[in-house]
K.L.:
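The structure that follows is given in the form of structure tokens.
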Amino acid sequence: RARPPTQMAASSLGDIMGGTPGQLPTLGEFEPLERVLLTANGNLQRLVSSYHNTSVSVRVVYSREVAMGEFERKVALLCGGTEFAEATSRLHITRADCISAI
């Protein structure tokens, strides 16, 4: 039987890192803030913004279609005007209606 979403969120904290619940991969060689950044799962912008008590902005470096339905994107994250991270992604879309919407 599936658990209600609120119960699932409470037990896993939305963790997508895998492994045994409540345990993180060994990251002992990193500083505490570095461990937070390395284990962020889609919430890096919010975490950094909270830590520094200022907004984080995202600047698109490129966003391009490299083949039919294949897209690449690179963004820079800035805090207080200082770039602190770059993120790249590659997306493969198979639905024609989604491709035409981009």
Side-chain angles (χ1 to χ4, degrees):
R1 181 174 156 212
R3 294 183 288 174
T6 53
Q7 190 177 11
M8 286 182 4
S11 66
S12 69
L13 298 177
D15 190 14
I16 62 171
M17 295 300 294
T20 306
Q23 294 181 344
L24 291 174
T26 303
L27 299 172
E29 68 272 18
F30 296 99
E31 295 295 321
L33 182 57
E34 291 172 324
R35 290 193 297 270
V36 169
L37 300 177
L38 287 169
T39 58
N41 56 11
N43 57 0
L44 180 63
Q45 187 175 350
R46 180 181 55 82
L47 290 171
V48 172
S49 177
S50 295
Y51 182 85
H52 289 287
N53 195 30
T54 190
S55 63
V56 170
S57 59
V58 178
R59 179 178 50 85
V60 176
V61 177
Y62 61 79
S63 184
R64 58 189 173 219
E65 185 172 13
V66 294
M68 182 61 166
E70 296 278 339
F71 298 86
E72 292 179 339
R73 184 174 191 220
K74 181 176 183 178
V75 298
L77 285 84
L78 299 96
C79 184
T82 301
E83 183 177 319
F84 68 90
E86 286 185 343
T88 58
S89 59
R90 185 174 184 98
L91 183 63
H92 178 77
I93 301 174
T94 57
R95 285 182 37 186
D97 61 327
C98 292
I99 293 171
S100 65
I102 294 178

K.L.:
At their closest point, which heavy atom of I93 faces which heavy atom of C98, and how far apart are they?
P.N.:
CG2-CB, 3.7 Å
K.L.:
Inspect the surroundings of OH in Y51 and state if more than 12 heavy atoms from other residues, nucleotides or ligands are less than 6.0 Å away.
P.N.:
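Result for OH/Y51: open.
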K.L.:
List the steps and the verdict of side-chain contact (heavy atoms from CB on, under 4.5 Å) for L44 and L77.
P.N.:
CA-CA 9 Å; L44 180 63; L77 285 84; 4.2 Å; yes
K.L.:
side-chain contact (heavy atoms from CB on, under 4.5 Å) between L91 and R73: does it pass, once the steps are laid out?
P.N.:
CA-CA 8 Å; L91 183 63; R73 184 174 191 220; over 6 Å; no
K.L.:
List the atom of E65, the atom of F71, and the distance in Å for their closest heavy-atom pair.
P.N.:
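Smallest heavy-atom distance, with atoms named: CB-CE2, 3.6 Å.
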K.L.:
Can you name the one residue among T54, L33, V56 that meets side chain to side chain contact (heavy atoms under 4.5 Å, CB included) with V48?
P.N.:
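Exactly one pass, corresponding to V56.
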K.L.:
Could you grab the distance from atom NZ of K74 to atom OG of S63, nearest 0.5 Å is fine?
P.N.:
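Rounded to the nearest 0.5 Å, the NZ-OG separation comes out at 13.5 Å.
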K.L.:
Rounded to the nearest 0.5 Å, what's the gap from CZ on R35 to CZ on F30? Could you check?
P.N.:
9.5 Å
K.L.:
Atom OG1 in T39, atom CD in E34: separation rounded to 0.5 Å?
P.N.:
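T39 OG1 to E34 CD: 11.5 Å, rounded to 0.5 Å.
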K.L.:
If you count the non-hydrogen atoms of other residues, nucleotides and ligands that lie under 6.0 Å from CD in E29, is the total more than 12?
P.N.:
yes
K.L.:
To the nearest 0.5 Å, tell me how far R46 CZ sits from S55 OG.
P.N.:
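Atom-to-atom, R46:CZ and S55:OG are 15.5 Å apart.
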K.L.:
Given the rule that I, L, V, M, F, W and Y join up when any side-chain heavy atoms are under 4.5 Å apart, are L78 and V61 in one cluster?
P.N.:
no
K.L.:
Any non-hydrogen side-chain atom of R90 less than 4.5 Å from a side-chain atom of T88?
P.N.:
no
K.L.:
When rounded to the nearest 0.5 angstrom, what is the spacing between CG in L27 and CG in L37?
P.N.:
11.5 Å
K.L.:
Supply the atom-to-atom distance H92 NE2 to I99 CD1, rounded to the nearest 0.5 angstrom.
P.N.:
7.5 Å
K.L.:
Is F84 reachable from V60 through a run of hydrophobic residues whose side-chain heavy atoms are each under 4.5 Å from the next?
P.N.:
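Yes; F84 is reachable from V60 via cluster members.
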